[in-house]
Protein chains: 2
Amino acid sequence: MSENRYCYKYPHPSVTADCVIFGFDGVSIKVLLIQRGIEPFKGMWAFPGGFMQIDETVEECARRELEEETGLKNASVEQFYTFSDVNRDPRERVITVAHYALVRLSEVKGGDDAASAQWFAESEIPSLAFDHDRILRMARNCLKERICFEPIGFELLPEVFTMSELQNLYEAILEVKFDRRNFYNKMLKLGILTEAEPRAEQASRRTPTKYRFNAAKYAELKQKGFRLEF
Amino acid sequence: MSENRYCYKYPHPSVTADCVIFGFDGVSIKVLLIQRGIEPFKGMWAFPGGFMQIDETVEECARRELEEETGLKNASVEQFYTFSDVNRDPRERVITVAHYALVRLSEVKGGDDAASAQWFAESEIPSLAFDHDRILRMARNCLKERICFEPIGFELLPEVFTMSELQNLYEAILEVKFDRRNFYNKMLKLGILTEAEPRAEQASRRTPTKYRFNAAKYAELKQKGFRLEF
DNA sequence: ATATCATTGCGTTAATTTTACGCAAAGGTA
DNA sequence: TACCTTTGCGTAAAATTAACGCAATGATAT
């Protein structure tokens with residue numbers, strides 16, 4: 001049963017892919033975690049992830065494990081760093097290629113078919129298994145940097161959203177506050193937002209305009225090489 | 001001799017670390033390559049790199065291989081992406097963690113103790129072994145992005161340099177041209193340059209001012225979170 | 001020698017962008 | 001009914017960027 005059939009002249013490490021999944025509930029950034037059912041670190045929380053198979057890339061592995069453990073299909077995961085400290089796994093030598101993805105909260109129902117996937121607000125995240133605390137810090141930083149180059153925020157919001165919601169998201173990710181009117185102007189001038197509904201004729205000022213992301217305009221802008229400055 | 005003594009229940013990939021080494025000769029960006037002495041891809045050029053040992057991190061591996069193959073000691077390598085295509089190595093499953101480093105040309109004498117390390121100007125780089133063409137493209141992009149956040153260019157220049165040399169470097173990395181006077185003003189205003197020599201009293205206009213990088217000032221700036229805009 | 005040319009240091013001005021607010025309509029809340 | 005908050009739409013000042021002028025001084029060519 002436990003024959004060790006794969007033999008090499010030199011020792012080989014195991015390779016895993018882990019996924020830091022970010023969400024946004026309108027107020028704060030959330031992270032999807034899995035409670036470990038087995039040792040090591042049994043009972044502790046960790047990112048979804050697992051061992052890479054010999055016939056898949058690390059990205060494929062990340063997506064597969066993500067679906068197996070949280071039910072999330074086709075998330076667009078992106079690798080950001082490979083962690084290879086010699087003792088990061090007490091069992092054996094394991095290096096992990098860490099990924100992150102942005103998903104809408106609605107796409108994952110916490111505690112789904114997955115044993116115990118659960119969303120945590122950033123301030124409520126417990127101490128994590130392995131070196132996942134460190135991985136989280138780096139992922140969070142990547143998120144911050146990335147949003148200045150790409151409008152990744154739109155993957156975190158519903159299809160249709162208000163300017164305030166968008167601003168809240170940017171403020172949560174970047175941990176700053178913007179002047180509402182300047183944020184409004186800057187986003188509109190970028191031209192990557194489209195008004196969602198033709199807007200009620202009798203537009204009451206209190207009912208905010210709904211927007212959706214204009215991917216075509218964004219692609220256009222991106223070619224010219226732009227940058228979302230904040 | 002070739003006993004395969006290391007056995008596992010599941011197949012494990014090999015892990016390598018590769019190093020894209022950038023230099024600058026005052027005019028153009030250069031890349032340090034090694035000519036492969038063995039199959040596969042024997043005779044083709046590739047980045048220095050090699051198999052990770054079981055008791056070292058990938059960064060340690062990168063530095064070790066770099067020194068073994070080019071004589072470069074203590075380069076500060078930084079990983080930027082992990083390539084894991086299933087067939088990227090014809091021998092067996094190998095994933096590689098790609099790194100890059102910036103060094104002064106003077107630190108490496110091409111064709112040193114290293115079998116055949118050689119600097120190539122970007123325009124003269126031949127088709128490379130494995131997926132190293134792709135790796136180079138990504139490394140080059142990283143370089144471009146990085147220089148907007150950190151004054152990495154100073155690692156490529158001699159200790160003491162002129163403003164023109166600095167500008168040439170930025171122009172080479174970013175592939176753009178700047179107005180000399182605006183570049184001059186912007187760099188000086190940043191405050192991360194210090195005049196190297198007290199400057200000749202009888203300062204002839206034709207003899208350019210020499211500068212050196214002011215690491216202390218830079219560290220100060222960095223804390224406040226700044227960005228080198230170009 | 002002499003004329004020509006490129007490099008360097010130091011400015012200035014106009015255009016653009018960023019920042020800081022003003023204000024009124026309209027709905028929600030006490 | 002009296003506030004208070006949210007939204008949409010501006011505007012003026014401040015700061016930054018971009019474009020370019022100019023003279024001194026060596027270097028180079030004739």
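By convention in this document, chain letters (A, B, ...) are assigned in the order of the sequence lines, proteins followed by strands, and residues within each chain are numbered from 1.
Here the C1' atom of nucleotide dT8(C) and the CD atom of Q167(B) are 12 Å apart, to the nearest Å. Counting to the nearest Å, the P atom of dT8(C) and the CG atom of L188(B) are 14 Å from each other. Atom pair L193(A):CG and dG8(D):C1' shows a separation of 15 Å (rounding to whole Å applied). Atoms NZ (K189(B)) and P (dA15(D)) sit 11 Å apart, rounded to a whole Å. Put simply, CG on D179(B) is 11 Å from C1' on dG21(D), counting in whole angstrom units. Taking atom CZ of F178(A) as the reference point, atom P of dT17(C) lies 19 Å away to the nearest angstrom. Spacing between atom CG of N168(A) and atom C1' of dT7(D) amounts to 14 Å, rounded to whole angstrom units. Across the protein-nucleic acid pair, N185(B) atom CG and dC10(C) atom C1' stand 8 Å apart, rounded to whole Å.
A salt bridge does not link E155(A) to R104(A): none of the charged side-chain nitrogens sits closer than 4.0 Å to a carboxylate oxygen. A salt bridge does not link K210(A) to E195(A): none of the charged nitrogens lies less than 4.0 Å from a carboxylate oxygen. Salt bridge absent: R63(A) and E67(A) never bring a charged side-chain N and a carboxylate O closer than 4.0 Å.
Within the structure, every side-chain polar atom (N or O) of T207(A) is placed at least 4.0 Å from both OP1 and OP2 of dT7(D).
The Y184(B) side chain lies nearest to dC10(C) when the options are dC21(C), dC10(C), dA18(D). Listed candidates were dT7(D), dA20(C), dC20(D). Nearest to the side chain of R180(A) is dT7(D). Proximity note for R181(B) (side chain, C-beta onward) versus dG8(D), dG21(D), dT18(C): the nearest is dG21(D). Distance from the side chain of K186(A) is smallest for dT19(C) among the nucleotides dG9(C), dT19(C), dC23(C).
Within the nucleic acid shown, S164(A) comes within 4.0 Å of sugar-phosphate atoms alone, with no base atom in reach, counting heavy atoms only.
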Practice item. Go through L33(A) and I21(A) one step at a time and tell me if the side-chain contact (heavy atoms from CB on, under 4.5 Å) criterion holds. Key: CA-CA 8 Å; L33(A) 298 173; I21(A) 307 298; over 6 Å; no

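Side-chain contact check for Y100(A) and R146(A): at least one donor-acceptor pair (N or O, by modelled atom type) lies under 3.5 Å.
Sequence order on DNA chain D of the closest nucleotides to N182(B) and M163(A) puts M163(A) first from the 5' end.
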